[in-house]
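Report on the following structure.
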Amino acid sequence: MSLLARRSGPATPPGPASSGYSLLDAQLAMSGDLETAGSLRIDGTLEGTIRRADTVVLGVGATMSGDVYAREVVIGGSITGNIHATERVELQATAIVTGDVLTQTILVQEGGVVNGRVLMRPPGEADPLNSQHMSDLASSDR
């Protein structure tokens with residue numbers, strides 16, 4: 001998948017954090033929080049929070065209600081919740097985000113929708129205290 005190959009910076013060596021890949025199929029509806037150090041693709045419905053993921057892909061037609069905490073997030077479907085990406089967020093033309101997006105870099109294709117705020121920090125500023133501060137900012141208006 002070319003979307004996952006568009007990383008900037010040095011390549012991540014293969015290891016436990018990059019070797020796992022999970023898929024929630026289009027016929028699957030799941031309720032509950034997920035935690036993974038690998039990559040996750042959702043093509044069905046998820047109600048819950050995703051934590052510690054490397055890469056999260058929400059496919060076209062997929063829906064999610066909950067927050068996402070990952071290194072990289074690609075949205076093609078619909079999400080209601082905040083996105084916290086340490087590096088990159090991509091919103092495809094079919095994406096609908098109802099919530100705040102916190103990231104270093106963002107790509108919004110024509111047609112992609114954000115109903116919330118986009119908060120960005122300079123590259124290289126991955127301070128956990130700053131991430132907490134940005135999380136506080138994101139929840140202060142809710």
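Side-chain contact annotation: Thr45 with Thr63, donor-acceptor N/O pair under 3.5 Å present.
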Start with the C-alpha distance between Asn115 and Val113, add both sets of side-chain angles, then the distance that settles side-chain contact (heavy atoms from CB on, under 4.5 Å), and finish with yes or no.
-> CA-CA 6 Å; Asn115 295 314; Val113 176; 3.7 Å; yes
Give the C-alpha distance, both sets of side-chain angles, the deciding distance and a yes or no for side-chain contact (heavy atoms from CB on, under 4.5 Å) between Thr55 and Arg71.
-> CA-CA 6 Å; Thr55 302; Arg71 182 188 59 78; 3.3 Å; yes
Evaluation steps, side-chain contact (heavy atoms from CB on, under 4.5 Å), between Val73 and His84 = CA-CA 9 Å; Val73 180; His84 305 261; over 6 Å; no
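Expressed to the nearest 0.5 Å, how far CZ of Arg88 lies from OG1 of Thr103 amounts to 9.0 Å. Atom CD1 of residue Ile79 and atom OG of residue Ser65 lie 8.5 Å apart, to the nearest 0.5 angstrom. Atom-to-atom distance recorded for Met64:CE and Met30:CE is 10.0 Å, nearest 0.5 angstrom.
With contacts defined as side-chain heavy-atom distances shorter than 4.5 Å, the pair Val89/Val97 does not qualify.
For the residue pair Gln92 and Gln109, the shortest heavy atom distance occurs at CA-OE1, 3.7 Å. Taking every heavy atom of both residues into account, Glu110 and Ala93 meet most closely at O-CB, 3.2 Å.
Among Leu102, Ile75, Ile106, the one residue that satisfies the side-chain contact (heavy atoms from CB on, under 4.5 Å) test with Ile83 is Ile75. Each of Val56, Asp54, Leu23, Val57 was compared with Ser39 under the side-chain contact (heavy atoms from CB on, under 4.5 Å) criterion, and only Asp54 meets it. Applying the side-chain contact (heavy atoms from CB on, under 4.5 Å) test between Leu58 and each of Ile50, Ile42, Leu91 identifies Ile42 as the sole match.
Residue Val68 is grouped with residue Leu28 when hydrophobic side chains (ILVMFWY) are merged at heavy-atom distances under 4.5 angstrom, including chains of intermediate members. Taking hydrophobic clusters as Ile, Leu, Val, Met, Phe, Trp and Tyr residues chained together by side-chain heavy-atom distances below 4.5 Å, Met120 shares a cluster with Val108.
Residues forming a side chain to side chain contact (heavy atoms under 4.5 Å, CB included) with Arg51 (at least two apart in sequence, or on another chain): Asp33, Glu35, Thr49, Tyr69. Judged as a salt bridge (Lys or Arg N to Asp or Glu O under 4.0 Å), and not counting sequence neighbours, the contacts of Asp43 are Arg41. By the salt bridge (Lys or Arg N to Asp or Glu O under 4.0 Å) test, Glu47 pairs with no residue at all, sequence neighbours left out.
Side-chain atoms of Asp67 come within 3.5 Å of backbone N or O of Asn82 as a donor-acceptor pair.
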